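As the structure is a computational prediction, the values presented were derived from the model and not from experiment.
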Amino acid sequence: MKHLLFICSQNKLRSPTAEQVFSTWPGVEASSAGTNHDAEEPLTGELVEWADIIFVMERVHRNKLSKRFKRHIKGRVICLNIPDNYEFMDPALITLLRTRVGPHLP
């Protein structure tokens, strides 16, 4: 079972959408968090250590992840380059996520 962690800023739109989309993907377990302190689910070292693959939505999230949790990172970190232009479960976002995340999954 691969553990996937999706990260955005607030954990309200992009990363929760990704978590929901990939939670039913065979052979994976998905979770999500936000880099901001007031995120719905704030990022923790424990979550980072849990993840086999970490998907960040933008470079700024990768930078914050590396700065605050570098010693906790055990898996790969992949930047999806998805801007904050989508609503939760937006069909265009779902298509983009499947296109960009799918090739990295078992």
Side-chain angles (χ1 to χ4, degrees):
M1 182 74 69
K2 286 274 185 199
H3 296 147
L4 311 180
L5 178 59
F6 296 94
I7 298 174
C8 66
S9 298
Q10 289 292 95
N11 190 230
K12 289 184 180 178
L13 305 172
R14 294 171 289 174
S15 59
T17 297
E19 177 181 5
Q20 190 159 337
V21 167
F22 294 101
S23 66
T24 59
W25 197 277
V28 304
E29 190 174 330
S31 189
S32 65
T35 57
N36 292 358
H37 296 293
D38 60 346
E40 294 290 317
E41 177 71 39
L43 187 60
T44 65
E46 183 178 90
L47 263 177
V48 173
E49 287 179 5
W50 170 85
D52 296 310
I53 306 174
I54 299 171
F55 294 96
V56 296
M57 297 298 157
E58 299 176 66
R59 281 190 206 140
V60 66
H61 305 128
R62 181 193 302 242
N63 295 340
K64 287 181 179 183
L65 172 69
S66 294
K67 190 174 186 177
R68 290 176 36 210
F69 299 101
K70 187 173 187 162
R71 67 184 182 95
H72 298 279
I73 299 171
K74 295 181 177 178
R76 294 184 1 209
V77 178
I78 298 167
C79 183
L80 299 173
N81 293 309
I82 298 176
D84 194 8
N85 299 338
Y86 302 93
E87 294 298 319
F88 178 69
M89 296 305 287
D90 182 321
L93 174 58
I94 292 170
T95 300
L96 194 55
L97 286 165
R98 287 186 176 145
T99 300
R100 295 192 181 170
V101 173
H104 301 284
L105 302 183

Test of understanding: clusters of I, L, V, M, F, W, Y form through side-chain heavy atoms closer than 4.5 Å, transitively. Do [X] and [Y] belong to the same one?
X: L93; Y: F22; value: yes
X: L96; Y: M89; value: yes
X: I54; Y: M57; value: no

Let me confirm one number: the [atom1]-[atom2] distance from [X] to [Y], rounded to the nearest 0.5 Å.
X: R68; Y: I73; atom1: CZ; atom2: CD1; value: 11.5 Å
X: D52; Y: R76; atom1: CG; atom2: CZ; value: 10.5 Å
X: E41; Y: S31; atom1: CD; atom2: OG; value: 6.5 Å
X: D90; Y: N85; atom1: CG; atom2: CG; value: 10.0 Å
X: L105; Y: F55; atom1: CG; atom2: CZ; value: 5.0 Å
X: I53; Y: H104; atom1: CD1; atom2: NE2; value: 8.0 Å

Inset, instruction - For the pair W25 and V101, evaluate side-chain contact (heavy atoms from CB on, under 4.5 Å) and give the outcome as yes or no after the intermediate values. - result: CA-CA 11 Å; W25 197 277; V101 173; over 6 Å; no
Inset, instruction - Please answer whether the main-chain N or O of V21 pairs with a side-chain N or O of R98 as donor and acceptor at a distance below 3.5 Å. - result: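 Checked: no pair found.
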Inset, instruction - Without swapping roles, check the side chain of R71 against the backbone of G45 for a donor-acceptor pair under 3.5 Å. - result: no
Inset, instruction - Any chance you could lay out the side-chain contact (heavy atoms from CB on, under 4.5 Å) test for L47 and F69, step after step, and finish with the verdict? - result: CA-CA 10 Å; L47 263 177; F69 299 101; over 6 Å; no
Inset, instruction - Might you point out which heavy atoms bring E49 and H72 nearest each other, and give the distance in Å? - result: OE2-ND1, 2.6 Å
Legend entry - Contact summary for A33 and S15, nearest pair of heavy atoms: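 So the two residues come closest at O-OG, 3.6 Å.
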Legend entry - Listed partners of E19 passing salt bridge (Lys or Arg N to Asp or Glu O under 4.0 Å), at least two apart: none
Legend entry - Listed partners of D84 passing salt bridge (Lys or Arg N to Asp or Glu O under 4.0 Å), at least two apart: R14
Inset, instruction - For the pair T17 and Y86, evaluate side-chain contact (heavy atoms from CB on, under 4.5 Å) and give the outcome as yes or no after the intermediate values. - result: CA-CA 10 Å; T17 297; Y86 302 93; over 6 Å; no
Legend entry - Derivation and outcome, side-chain contact (heavy atoms from CB on, under 4.5 Å), residues L65 and T35: CA-CA 7 Å; L65 172 69; T35 57; 5.7 Å; no
Please set out all donor-acceptor pairs under 3.5 angstrom arising from side-chain atoms of residues 2-10, sequence neighbours excluded.
unit_1	atom_1	unit_2	atom_2	d
H3	ND1	W50	O	3.1
H3	ND1	W50	NE1	3.4
S9	OG	H61	NE2	2.8
Q10	OE1	N36	ND2	2.7

Inset, instruction - Would you check if R100 and N81 make a side-chain contact, meaning some heavy-atom pair closer than 4.5 Å? - result: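 R100 reaches N81 side chain to side chain.
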